[in-house]
> 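Below: one structure in C-alpha cells.
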Amino acid sequence: KGYVTELDGSCTPCPLGEFKESAESGGCSACPSLTTTLDDGASSRRACVCEAGLYLVVTSWADLDVACEPCPAGLLCPAGTRGPTQMGVQAGYWRMSAQSQTAYECEDVSKCPGYPAPAAAALPGGAGGDTLCAPGYTGPRCASCRLGWGRGSDGTCGICPATDGAAAFEASRAAQRREDIAILCGAAVGLFIAVGVAGRAVSLAGRKGAFSEDKADDLV
C-alpha cells in the first residue's frame with residue numbers, strides 16, 4: 001500500500017497528492033480536488049487533507065467526503081488544517097479566542113505580532129486573546145496595557161517601576177503604612193485639639209464661677 005511496483009521490481013512511493021490503498025499492482029490515485037497529502041507514500045484516501053490556504057469544514061469519513069473552504073482573512077491555514085484551533089494568526093491581527101474564525105486588524109502591528117500555525121496548534125486550546133498580544137498589552141486588538149504596565153507619551157505600554165515580585169509587594173506595603181500613619185496622625189491632632197478646647201472651656205467656666213462668688217461677697 002502507498003507504493004507502486006516498477007517494471008524492475010522496485011517500489012516507488014505515491015507522490016504528494018496521491019494515495020494507493022491496495023498492495024496489488026496498479027497506480028496511485030489522486031486526492032479529491034483542493035486536497036493533498038502531507039507525506040509521500042499515502043496508503044489511504046483518509047490521508048488526503050485540505051491544501052495550504054484552506055481548512056476542513058465538513059467531513060464524512062463514512063463516505064470519505066471532504067469539503068475545504070478558504071482560510072479566513074487574517075488567519076493562517078497550513079495544509080491539513082482541520083478547524084479554528086489549528087489556525088495561526090497573521091501579524092497585525094487579533095481574534096477573541098482560538099475557536100473564533102474572525103480576526104480583527106490591529107491599529108498597531110507591533111502590538112499584535114501574530115502566531116504561527118504550527119505553534120498555535122501546539123497550544124492548549126489554540127491561539128487567541130492575550131496570547132496574541134506583545135508583552136505588556138491586553139484586551140481586544142491588544143489596545144490596552146496589562147496590569148502593572150502604563151502608557152507612555154508615545155502611546156506604548158511600559159512596565160511600571162517596582163511592579164515585579166517582592167519589590168511590588170514591599171512598595172504596596174510601604175504605601176499602606178504611610179497612609180495608616182497619616183490617618184493616625186490626623187486622629188491624634190484632632191484629639192489634641194478637642195482636649196484643648198474642652199480644657200479651655202472648663203477653665204473659663206471655673207473663672208466665671210469664681211468671679212460670681214467674689215461679686216456675691218462684695219454685696220453682703
> Run the numbers on Thr12 and Glu6 for side chain to side chain donor-acceptor pair (under 3.5 Å), then give the verdict.
CA-CA 7 Å; Thr12 302; Glu6 303 294 346; 2.9 Å; yes
> Given Phe19 and Ser44, is the side chain to side chain contact (heavy atoms under 4.5 Å, CB included) satisfied, shown in steps?
CA-CA 6 Å; Phe19 64 95; Ser44 171; 5.8 Å; no
> Are the side chains of Glu18 and Thr36 in touch, meaning some heavy atoms are under 4.5 Å apart?
no
> For Cys133 and Thr138: C-alpha separation, side-chain torsions, deciding distance, then whether side chain to side chain contact (heavy atoms under 4.5 Å, CB included) applies.
CA-CA 6 Å; Cys133 298; Thr138 186; 5.5 Å; no
> Could you check whether any side-chain heavy atom of Met87 comes within less than 4.5 Å of a side-chain heavy atom of Leu76, counting everything from C-beta outward?
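A side-chain contact is absent here, since even the closest heavy-atom pair is not under 4.5 Å.
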> Can you name the nearest heavy-atom pair linking Asp130 to Gly139, along with the distance?
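Shortest heavy-atom separation between Asp130 and Gly139 comes out as OD1-N, 3.2 Å.
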> Hey, mind stepping through Leu38 and Val49 against side chain to side chain contact (heavy atoms under 4.5 Å, CB included) and telling me if it holds?
CA-CA 8 Å; Leu38 298 178; Val49 296; 3.9 Å; yes
> Between Ala42 and Ala47, what is the shortest heavy-atom contact and its length?
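Looking at all heavy atoms of both residues, the shortest contact is CB-CB, 3.8 Å.
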> When you measure from the side chain of Asp40 to the backbone N and O of Leu16, does any donor-acceptor pair fall under 3.5 Å?
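Judged by distance alone, yes, a pair lies under 3.5 Å.
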> Side-chain contact, heavy-atom cut-off 4.5 Å: Leu54 with Cys71?
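They are not in contact (no side-chain heavy atoms under 4.5 Å apart), so the answer is no.
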> Return the minimal non-hydrogen interatomic distance between Leu132 and Ala127, and the atom names on each side.
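Nearest pair, atom of Leu132 first, then Ala127: CD2-CB, 3.8 Å.
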> Would a 4.5 Å heavy-atom cut-off, applied to side chains only, mark Lys111 and Cys106 as touching?
no
> Give a yes or no on whether the backbone of Asp39 and the side-chain of Thr37 come within a donor-acceptor separation of less than 3.5 Å.
yes
> Give every residue pair that meets the side-chain hydrogen bond (donor to acceptor under 3.5 Å, both in side chains) criterion with at least one member in residues 88-107, sequence neighbours excluded.
Tyr55-Gln101
> SG to SG below 2.5 angstrom is the rule I want applied to Cys77 and Cys50. Does it hold?
no
> So how far is it from Ser33 OG to Glu51 CD, rounded to the nearest 0.5 Å?
7.5 Å
> Taking only residues two or more places apart in sequence or in another chain, which ones pass side-chain contact (heavy atoms from CB on, under 4.5 Å) with Cys145?
Trp149, Arg151, Cys157
> Are Met96 and Leu75 joined in one hydrophobic group, where the rule is that I, L, V, M, F, W and Y side chains link up if heavy atoms are under 4.5 Å apart?
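Same hydrophobic cluster.
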> First locate atom NZ of Lys20, then atom OG of Ser29, and finally report the distance between them rounded to the nearest 0.5 Å.
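Between Lys20 NZ and Ser29 OG, I get 9.0 Å after rounding to 0.5 Å.
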> Between Cys112 and Cys142, is the disulfide (SG to SG under 2.5 Å) condition met? List the steps.
CA-CA 7 Å; Cys112 305; Cys142 307; 3.7 Å; no
